[in-house]
Structure formats: structure tokens, C-alpha cells
Amino acid sequence: MPPSTETAAPAVPPPAQTGLGGVAMGRPHDGRLLRRMTRIVVAAWTVAIAASLYLNLNPIYEHASAGGIAGTAAASHFTIWLFGIAGIALAVRHLHRQLARREVELSELELSAKVFDDSLQGIAITDVQGRILRVNPMFTGITGFAADEVIGRPIAILASESEPSEGGNGMWRQLRAEGGWVGEAWLQRKNGDVFAVWQSASAIDGAAGEHLSYIFMFQDITDRKLFSSRLEQLAHYDPLTHLPNRRLLADRVGHAIQRAGRNQGRHALLFIDLDRFKRINDTVGHAAGDQLLTVIAGRLTECVRASDTVARLGGDEFAVLLEDIHGPGDAERVAEKVLAALAAPVLLEDREWYVGASIGIGLSPKDGEDMASLLKNADTAMYRAKADGRHCFRFFNEDMAASAALQVARETALRLAIQNQAFSLEYQPQVELASGRVVGVEALIRWRQDGHPVAPLEFIPLAEETGLIVAIGRWVLATACQDIADLRRAGHGDLKLAVNISAIELKQLDFVEQVVLALAETGLPAASLELEITESTMMEDITRVASVLDSLSAMGVGAAIDDFGTGYSSLAYLKQLPVDHLKIDRSFVRDVPRDMEDSTIVRAVLTMSRTFGLKVVAEGIETEEQMAFLRESGCQIGQGYLISHPLPLAALTAWLAARPG
Ligand SMILES: Nc1nc2c(ncn2[C@@H]2O[C@H](COP(=O)(O)O[C@H]3[C@@H](O)[C@H](n4cnc5c(=O)[nH]c(N)nc54)O[C@@H]3COP(=O)(O)O)[C@@H](O)[C@H]2O)c(=O)[nH]1
């Protein structure tokens, strides 16, 4: 819209010639045309009568008549009359054509006026100084200004004070130089509301090409603009934290790398994964989890410069793009700042929660020259940070890439192993220390990859990470229940079975159902099955674990706390769970009775367990000394290489058969 500094100028004729607005409608030319036709008819007859009189009075006529040429004179007389009438006919025809042309012109004027009045666009006609001459009804509809409130005032009264327009003085320059301008502008309504328009301005030219006036036509596009900005927001920003999303981050990384190529610049991408977020989410619920993510987003933003990008990749994963850094030291400083910011507690539901984060750092161009490779490498480094104890940061290096590649190959092999049923089970006997009687066996999975055994401690964590543990666990449970049910039927009627269960398996909604199914299909009595759950799994979500174990306990299925002593949890806390056995971790058994401290711990655990009515299983017994110490200290059950290594089913059958009693 025009600036309000336009000065007065000579009056310009109103644009009636354009046929736009304000043109007096009706038939202004009809009377004039009739008068003109009458004048022509009167003139033609006057000429004819005058000619006739002239011929009758003329001496040539008389001479011709006397000379016998009266017939010729009469013919001339007739010819003159004929011409008079023909002249009149021609005049009438000409006037008729004129009338028809006028008719067409008038229809066009009417049409233009109708278009002006009914247009869905606001239209204002101004003089060359920008003073409003006419406006249409839609102008009033959009701006709120009635015609008499704006006529004679500069069109700049519509210009928005708060929103800069694309046009302004530039629009006037172009309009005057080229006779037209099209673009977006922000205008202001009479009530002060600012709105966006798509506007065209064009000049109306006089005969010599000079500008007589200008027409401004505009359309309110505020809703469309709001809609597209909402779409833009949805496409590029995370709806919860309002941080840029993965897509926008990719754009920014792309641009940064492009610029870096030209300027030899360096950038860093920090991949941030919150530690323990899931536990908080599961404990206090998703609404509180969302609140926590919003707090974290705010803290991350405070750790970086305005020119850097903090993005949420999804879930509890964030990324920070640091542009134009001087070297790895800059990234290190930001990572330390982030760790410090995230170490502070977050207050949720009147309780303080600690999250922490694991950070992987990728440097561009060294670790990737596009978003995909830079993010992948930062992600790999983040996993190393997690593996190294969490709440720390690691820079990506090529060794990590090699071990990540190995991990991928392992994962593929693990999937194939499930498909090809390449796992087997071994059973390690558990005996009553006082009597030496075999009370049960623990099922332990085995996997040979290309003929080489892979230790469970190597592939079980990978199976847990990838979720493959669910399928593997189902196979273990079904196979072990079948094997032990068969052994019981073959004469070892008292034999019990212990099966290791991962946290991921316990979280499956149909876990209880799967246990019931395995028992039903194999005929193993519920009371013969015991699930070994590690102390850390129990602590991870004690409410959920309690609910699952309660359901199973109601059917008679037992539970044991595995690796006890490694999770620093209180036995009193764990006793809230329906647990029957406690397995002292073999790291405590290894050095008894020589190590005083371990011996004291083992004795204390045994005393406490008695108080809570729990039976204790000591694992990893390798020597007679250890066995004697445990027996004397009151440990009821033992398991270890001294008694037997884990055995395949056939070997176990033979071992059981060879055992006295
Ligand atoms: N979710 C599942 N986890 C499983 C399953 N099978 C095994 N596992 C987990 O892997 C851990 C390691 O198992 P493994 O390598 O088989 O080791 C077991 C025994 O071989 C070993 N053991 C037994 N006696 C001794 C001993 O005297 N000395 C010694 N150095 N090691 C010994 O201990 C492991 C059994 O430990 P635990 O389960 O704590 O009783 C294993 O710990 C499971 O967590 C599976 O099917 N599902």
C-alpha cells in the first residue's frame, strides 16, 4: 500500500471512461440520436423539395419542355425525389447502426459496473496521488471503511503500522514506471486489525499514455496464510516442545554443510538420548513425561547460541546442531553444559526426578557430509556413551563404526537364528546343599553362529535391544517346559525348572498368557516352574513386575530374584513382591570363605532371607570350600561347576540317572 507522504496534485478526471463504478446508468444517448435522425430526415426532404422547386422554375426546364423534351424533365424531377428518399434511407440506416453500437457500449458499461459492485475483491480507485476516488462494497466488507469515510483520503490509511509490507514505496515506484504491481501486503482494518492481502495495482492510461488513475484490487488471504503457517509449523516443528523436528534439522544440517563446503567451516551434531526417561514415563504417566520433555527442551535451548539448532528427533531423543565451530573443544564444552543442565532434578507431581543424558558427537565434515551419515555416526557414539555408563558424551570414531557394523551383522544373524531355530538349551542342576538332592535345573540358552558358540551375555543384550528377546524367550519357555515335563514323566517327578526372564518379556501384555499356554501345552505343573528375574529388572518397574508376579503366583508359578546384591536394592523393598527364592550373585560366592567382606555379606544376606522367609540359592560354586562355607552358613540350595556344568538334555538325563538317590 502507498506511503502516506503522497502530496497533492492536479485533479484528475474521474474514471467514468473506464466503465468502473459510479457511471450513471440509463440511456443518455437515445434522445441525442433521435434528434440527430430527425435533423437528417428534415435536411434530406428540404434538399429534395428545394431541388424540385428549382427544376420547376428553371428556364432550362421550360425550354426543354417547349422543345419536346418534357418527358426528360419529368424523369429528372423523379430522379431527384428518388435520391432524396434514398438519402433519407441511408441516414436512417447509419443512425440505426449508431444506435446498435451505443447499445453494446452501454451493456459493457453496465457489466463493468456490476463487476465492480459484485466483485469478491476489494477495489479502490485512486487518483495518481493515491487519493481514493471510489471503492466497491467488498472494500467496505473487508476493511470496515464505508465509502464516504475514505473517499478523498490517501489509500495509505490502510497501510499496517505493525507489519511491513512487501510493496510500500517500491510498489509506487513500479506502478508509476511500469503501470502495474502485484504482491502480498499487510493492511489494517478500520478497527485496527491487521490482515494479509494478495493485491494488484494497475494504472488507467489516458489517450497519450499518461496515468489518469490507479485501480487497487485486493483479496483477504489472512486465513490462507494462517493455515499455511500452521501447516509449515506441523511439517517442521515438534508439536509438544515446539522445537524443530528431524526434517527441519536435516534442512539446516544440509545448508550448514553446503556453506561449510564454500567456507571450509566445521559443524558438530550432538545426539542426545535421555537416560531413565522411560522409567519416569512408566511411573508417573505420559502427561508428566510430556511435561518433563518440555522442561528438557527449554534447558537444551538455553545451552546453545541462538544461531544453533536444538531439535527433537522423537521420543526422548534430541539433537543439537552447532554451526561454525572452531574445533571439537567447542562441541565438548556444549556437551558438558548440556550434561550439567540435565543433571538438575525436574519437579514432577511433587517429586524430584533425575534424568541425565548420553550424548554422541559427530563432527562435519570428518564424520559425515550429509545429515544421514552425520546423525548415524553421532547415534553410534551415543550408544558408546550409554555403554560406558551413561550420563557422559563420546566423540564418534571409526572403531565405533566397525563395532556398530559388527552389531548389525550380529543382529541379522540373530534374526536368522530365530528363523532357523538355531538355538539349543542346556540345563544346570541345582541341589539341596544339606542333602545333595537334586531339586531342580536352570535352563540356559546356547547359540552356535557358524559353528562357534556365542555367549548369552553377548547376544542376550542385543536381543533385548532389538526386541528379538520376545520370540527367543517364548521358544526357551516352551522348549524348557516340554523337556522338564518329559523328564518328570520319565521318573524325575520332583524336578523343578528355573527359566531366565528379561525385562522386555515381562513387559509384554500377553506374558502371563504365554506362561499359561506353555504349561498347558506341555503338562508341566505350575508349581514346578520358577521364573528368574534380575534384581535390576524388578527395580525398573516394581509395580508392573508385582502385578505380573501376583497373577503367576496365584497359579502356583514361583519367582526368584537373580543376581542378588548387584543392584544395591533393599531386600525389604523387594519383599513386597511374591518371591520364593533369592540367588546370591556368583561374584559374592567366588571369594568366600577367604574374603572376609564377601563372607560377611553372604552371611548377612542369608540371615535377612531367613527373616523374610526366603530360600537362598548360591550360584557359581566351584570349590568344596565354597560349598562347605555356604552349607554351614545355612544356604539351602547350590548351583555351580562343582556340582555340574550346564548340560544338554541327553547329558542331563544321563547325569540324573547316574546320581545316587
Ligand atoms: N533372558 C534369558 N537370559 C538368559 C538365558 N540363558 C542365559 N541367560 C542369561 O545369560 C547369562 C549368562 O548365562 P551363561 O553364560 O549360560 O552362564 C550361566 C552359567 O553357565 C554360569 N555358571 C554357572 N555355574 C558357574 C560357575 O560355577 N562358575 C562360573 N564362572 N559360571 C557359572 O552362570 C550363568 C547362570 O547365571 P544365572 O542365570 O545368574 O544363574 C545368565 O546369567 C542369564 O542372565 C535365557 O534363556 N533367557
Side-chain angles (χ1 to χ4, degrees), residues 414 417-418 421-431 433 439-448 452-484 496-508 511 514-515 518 529-538 540 545 559-567 581-592 615-627 629-630 635 637-649 651-652 655:
L414 203 54
I418 295 172
Q421 304 198 335
F423 299 109
S424 61
L425 288 181
E426 287 188 352
Y427 298 94
Q428 186 171 35
Q430 297 176 332
V431 299
L433 290 180
V439 288
V441 291
E442 179 186 0
L444 294 161
I445 192 165
R446 298 291 176 255
W447 177 32
R448 293 183 81 83
H452 304 287
V454 184
L457 284 177
E458 268 184 67
F459 70 85
I460 294 283
L462 178 62
E464 287 175 337
E465 235 169 69
T466 52
L468 294 172
I469 192 68
V470 175
I472 294 174
R474 278 181 194 169
W475 177 84
V476 170
L477 191 65
T479 311
C481 286
Q482 188 63 64
D483 286 350
I484 302 312
K496 289 193 169 185
L497 166 68
V499 176
N500 289 284
I501 302 293
S502 290
I504 314 277
E505 290 175 75
L506 267 184
K507 282 181 192 151
Q508 300 305 302
F511 179 72
Q514 290 298 325
V515 175
L529 177 65
E530 185 167 81
L531 305 180
E532 289 192 8
I533 299 158
T534 61
E535 186 186 345
S536 53
T537 299
M538 292 201 179
E540 206 175 295
V545 173
I561 304 174
D562 204 359
D563 302 342
F564 185 76
T566 55
H581 286 102
L582 185 152
K583 289 185 86 173
I584 304 179
D585 191 66
R586 65 172 180 271
S587 58
F588 296 105
V589 174
R590 192 179 54 221
D591 296 327
V592 294
K615 281 191 174 172
V616 176
V617 181
E619 59 184 29
I621 305 174
E622 295 183 354
T623 65
E624 290 289 356
E625 253 187 318
Q626 290 165 342
M627 179 118 94
F629 169 82
L630 289 161
C635 178
I637 301 161
Q639 175 184 351
Y641 294 166
L642 181 69
I643 301 157
S644 167
H645 277 74
L647 302 167
L649 182 64
L652 173 71
W655 185 87

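Worth knowing before you read on, the calculation uses all heavy atoms, side chains too, and leaves out hydrogens, waters and symmetry mates. Start at 1 and go down the list; that is how both ligands and their atoms are numbered.
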Under 4.0 Å from a heavy atom of Leu457: give me the atoms of ligand 1 that qualify, with their elements.
11 (C), 12 (C)

Between Glu442 and Lys583, is there a side-chain N and carboxylate O pair less than 4.0 Å apart?
yes

The atoms of ligand 1 lying under 4.0 Å from a heavy atom of Pro646, numbered in the order shown, are 20 (O)

Could you tell me if any non-hydrogen atom of Gly620 lies under 4.0 Å from any atom of ligand 1?
yes

Indicate yes or no: at least one non-hydrogen side-chain atom of Tyr427 is less than 4.5 angstrom from one of Leu497.
yes

Protein contact to atom 9 (C) of ligand 1 [nearest heavy atom, distance to 0.1 Å]
Pro456 CB, 4.3 Å

Given Gln639, His645, Arg586, identify the one with the heavy atom nearest to atom 36 (O) of ligand 1.
Arg586

To the nearest 0.1 Å, how far is atom 19 (C) of ligand 1 from its closest protein heavy atom, and which atom is that?
Leu444 CD1, 3.8 Å

Pick whichever of Arg446, Glu458, Glu426 has a heavy atom sitting closest to atom 16 (O) of ligand 1.
Arg446

Should you measure from each heavy atom of Ile621, which atoms of ligand 1 turn up under 4.0 Å away?
27 (O)

Considering only protein heavy atoms, which is closest to atom 29 (C) of ligand 1, and at what distance to one decimal place?
Glu622 OE2, 3.4 Å

Just checking Lys615: does its NZ atom have more than 12 heavy atoms from other residues, nucleotides or ligands closer to it than 6.0 angstrom?
no

Whether the side chain of Thr623 engages the backbone of Gln626 through a donor-acceptor N/O pair (distance < 3.5 Å, no angle test) should be reported.
yes

Out of Ile445, Ile504, Thr534, Asn500, who is nearest to atom 43 (C) of ligand 1 when you count heavy atoms only?
Asn500

Minimal non-hydrogen separation, Ile445 against Phe459, with atom names
CG2-CZ, 3.6 Å

I need the nearest protein heavy-atom contact for atom 38 (O) of ligand 1: residue, atom name and distance, please.
Glu442 OE2, 2.7 Å

For Lys583, counting its heavy atoms only, list the atoms of ligand 1 lying under 4.0 Å from any of them.
40 (O)

If you measure from CG on Leu444 to CG on Leu647, what distance do you get to the nearest 0.5 Å?
10.5 Å

dist Leu477:CG -> Ile472:CD1 (nearest 0.5 Å) comes out at 13.5 Å

Atoms of ligand 1 less than 4.0 Å from Ser502 heavy atoms?
1 (N)

Is Glu464 close enough to touch ligand 1? Criterion: a residue heavy atom under 4.0 Å from a ligand atom.
no

Heavy-atom nearest pair, Leu425 first then Ala480, reads CD1-N, 3.7 Å

In Å, rounded to the nearest 0.5 Å, how long is the span from CD1 of Ile460 to CG of Leu414?
8.5 Å

Check whether any protein heavy atom sits under 4.0 Å from atom 41 (C) of ligand 1.
no

Going by heavy atoms in the side chains, are Phe423 and Thr479 under 4.5 Å from each other?
no

Which atoms of ligand 1 have any heavy atom of Val476 under 4.0 Å away?
46 (O)

Looking at side-chain heavy atoms only, is the closest gap between Asp563 and Glu535 below 4.5 Å?
no

Numbered atoms and elements of ligand 1 in range of Gln428, under 4.0 angstrom, heavy atoms
23 (C), 24 (N)

Using a 4.0 Å cut-off to any heavy atom of Asp563, which atoms of ligand 1 qualify?
39 (O)

With rounding to the nearest 0.5 Å, note down the distance linking OG1 in Thr537 to CG in Asp562.
9.0 Å

Out of Trp475, Phe564, Tyr641, Phe459, the nearest non-hydrogen contact to atom 32 (C) of ligand 1 is supplied by Tyr641

